[in-house]
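Have a look at the structure below before the remarks.
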Amino acid sequence: MANEPVSVVFKLYCLTVMTLVAATYTVALRYTRTVSSDLYFSTTAVCLTEVIKLLLSVGMLAKETGSLARLKSSVVDHVIRSPAELLKLSIPSLVYAVQNNMAFIALSNLDAAVYQVTYQLKIPCTALCTVVMLNRSLSRLQWFSVFMLCGGVTLVQWTPPEATKVQVQQNHYVGFMAIAVAVLCSGFAGVYFEKVLKSSDTSLWVRNIQMYLSGIVVTLVGVFMSDGARVIEKGFFFGYTPWVWFVIFMASVGGLYTSVVVKYTDNIMKGFSAAAAIVLSTVASVTLFGLQITATFASGALLVCVSIYLYGLPKQDTSKLAKMDMGKDDKNKLITV
């Protein structure tokens, strides 16, 4: 299962869905946090997202096992009788919960396009975590793309887009600090989950169930620690609209596709997906929120997109080149003799 091959069509499908979900989620979340008069509690939305992801994962495991009996056996063996595995998967659950809450805070204080671009700092953070945690190496081109990405993000932060039609009090400092925390959480949790996922042949959906169970507990604690008094006073579903439910569903689907991408896809797909999501969310922000894009912001966004593409390029196999060079040297020596 861990080395199960996948087709190019499946990878293209993942690329398309990831791009659309990421762009749609960003714009819709921004809309619900700035337009609604009765603002819902972001912590309850994150909790419900974990619940829906758990239900979807159980459904996918049922499809994979093929019968209710095998589904029950799998859940009992890998979940109920494996407390150590649950504890292991509670680490990314905790980190992802923090990341999701930071995303709500960031989008309440930043424009959708600014959020989407600055969030790409998760790539250098993920690169560092990959080198440290998985003992992998990065090519010079990939490290160059990391620094190019930082330059592009700096341009975006230095001169953010002009004010939008939606007049909402925002604190850009708080927004960027929330982005920083979300980026760190994304890098660590993603690499940690990849390490757990690829170190055994356990089903992807079993791993998801293990992670989302602990995620529900973590997010419930977050609800009552952050908004407990207000939730008791106004209700768990205060401020919920069809758009809020849509955002929760998009977050749930995006979470599942993230786990699929971690297991089956590569950096090229993730890079193109992220770049396309930036373009789509920016166009949508111009149309829906009246976002005014400056030349500096556009330059920074372009650098981000180019760096994402370069980072996703496959590393050149230098060992083969070295062998070829050695072979040429030997031939030259023979000719000389």
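Computed from a predicted model, the values in this text were never measured in an experiment.
Counting only heavy atoms from C-beta outward, the side chains of V244 and I248 approach each other to under 4.5 Å. Side-chain contact between T43 and T219: absent, with no pair of heavy atoms (C-beta onward) separated by less than 4.5 Å. The closest side-chain heavy-atom distance from P92 to L89 is below 4.5 Å. F193 places none of its side-chain heavy atoms less than 4.5 Å from the side chain of I91.
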Open item on the list: Could you walk me through whether S90 and M211 satisfy the side-chain contact (heavy atoms from CB on, under 4.5 Å) test, starting with their C-alpha distance in whole Å, then the side-chain angles of each, then the deciding distance to 0.1 Å, before giving a yes or no?
Closed with: CA-CA 6 Å; S90 66; M211 185 167 65; over 6 Å; no
Task: Verdict with reasoning, N109 to Y173, per side-chain contact (heavy atoms from CB on, under 4.5 Å) - done: CA-CA 8 Å; N109 291 278; Y173 176 77; over 6 Å; no
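Taken from CZ in R207 to CG in L61, the straight-line distance is 13.0 Å, to the nearest 0.5 Å. Atom OG1 in T130 sits 6.0 Å away from atom CD in E194 (nearest 0.5 Å). Distance check: L107 CG to L29 CG gives 4.5 Å after rounding to the nearest 0.5 Å. Rounded to the nearest 0.5 angstrom, M250 CE and T26 OG1 are separated by 11.5 Å.
Residues G175 and A106 share a closest heavy-atom pair of O-CB, 3.8 Å. Residues R70 and T65 come closest through the heavy atom pair NE-O, 2.6 Å. A pairwise comparison of heavy atoms in V260 and C14 identifies CG1-SG, 4.0 Å as the closest pair. Listed here is the closest heavy atom pair of Q99 and A182: CG-O, 3.7 Å. Summarising the geometry of G187 relative to C125, their closest heavy-atom pair is CA-SG, 4.0 Å, with the distance given to 0.1 Å.
By the rule that hydrophobic residues join a cluster once side-chain heavy atoms approach within less than 4.5 Å of another member, V196 and L94 end up as members of separate clusters. Note on V206: it does not cluster hydrophobically with L87, by side-chain heavy-atom contacts below 4.5 Å among ILVMFWY residues. Cluster membership for L86 and L220, using ILVMFWY side-chain heavy atoms within less than 4.5 angstrom, is shared. Note on V183: it clusters hydrophobically with V95, by side-chain heavy-atom contacts below 4.5 Å among ILVMFWY residues. A continuous path of Ile, Leu, Val, Met, Phe, Trp and Tyr side chains, each step under 4.5 Å between heavy atoms, connects V27 with W243, placing both in one hydrophobic cluster.
A donor-acceptor contact shorter than 3.5 Å links the side chain of T44 to the backbone of F41. In this structure a side-chain-to-backbone donor-acceptor pair under 3.5 Å is missing from S74 to L71.
If you chain together ILVMFWY residues whose side-chain heavy atoms come under 4.5 Å of each other, V181 ends up grouped with V98, M102, I105, V174.
Every residue meeting the side-chain contact (heavy atoms from CB on, under 4.5 Å) condition with M133, not counting sequence neighbours, appears here in chain and number order: C129, F188, V191, Y192. For A28, the side-chain contact (heavy atoms from CB on, under 4.5 Å) partners two or more places apart in sequence, or in a different chain, are F246, V247. With sequence neighbours excluded, no residue forms a side chain to side chain donor-acceptor pair (under 3.5 Å) with S186. The salt bridge (charged side-chain N to carboxylate O under 4.0 Å, His left out) search around R140 returns none, not counting sequence neighbours. Residues passing the side-chain contact (heavy atoms from CB on, under 4.5 Å) test with V131, sequence neighbours excluded: L138, W143. When the side-chain contact (heavy atoms from CB on, under 4.5 Å) test is applied to L54, the partners found at least two apart in sequence or on another chain are V58, I209, Y212, L213, I216. Scanning for salt bridge (charged side-chain N to carboxylate O under 4.0 Å, His left out) contacts around K88 gives E85, with sequence neighbours left out.
Sorted by first and then second residue, the side-chain hydrogen bond (donor to acceptor under 3.5 Å, both in side chains) pairs involving residues 45-60 (not counting sequence neighbours) are E50-K53. Applying the side-chain hydrogen bond (donor to acceptor under 3.5 Å, both in side chains) test to every pair with at least one member in residues 247-262, sequence neighbours left out, gives these pairs: Y13-Y257, N208-S259.
In summary, the side chains of R30 and S108 do not present any donor paired with an acceptor at a separation below 3.5 Å, with no hydrogens or angles considered. With no hydrogens or angles considered, no side-chain donor-acceptor pair links T241 and Y40 at under 3.5 Å.
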Using distance only, find each side-chain donor-acceptor pair of residues 230-239 under 3.5 Å and give its atom names and separation, not counting sequence neighbours.
| unit_1 | atom_1 | unit_2 | atom_2 | d |
| --- | --- | --- | --- | --- |
| R230 | NH2 | D227 | OD1 | 2.2 |

Please output the side-chain donor-acceptor pairs of residues 75-82 that fall under 3.5 Å, not counting sequence neighbours, one pair per line with the distance.
| unit_1 | atom_1 | unit_2 | atom_2 | d |
| --- | --- | --- | --- | --- |
| D77 | OD2 | S73 | OG | 3.4 |
| S82 | OG | D77 | O | 2.7 |

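Within a 6.0 Å radius of CE in M60, more than 12 heavy atoms belonging to other residues, nucleotides or ligands are found.
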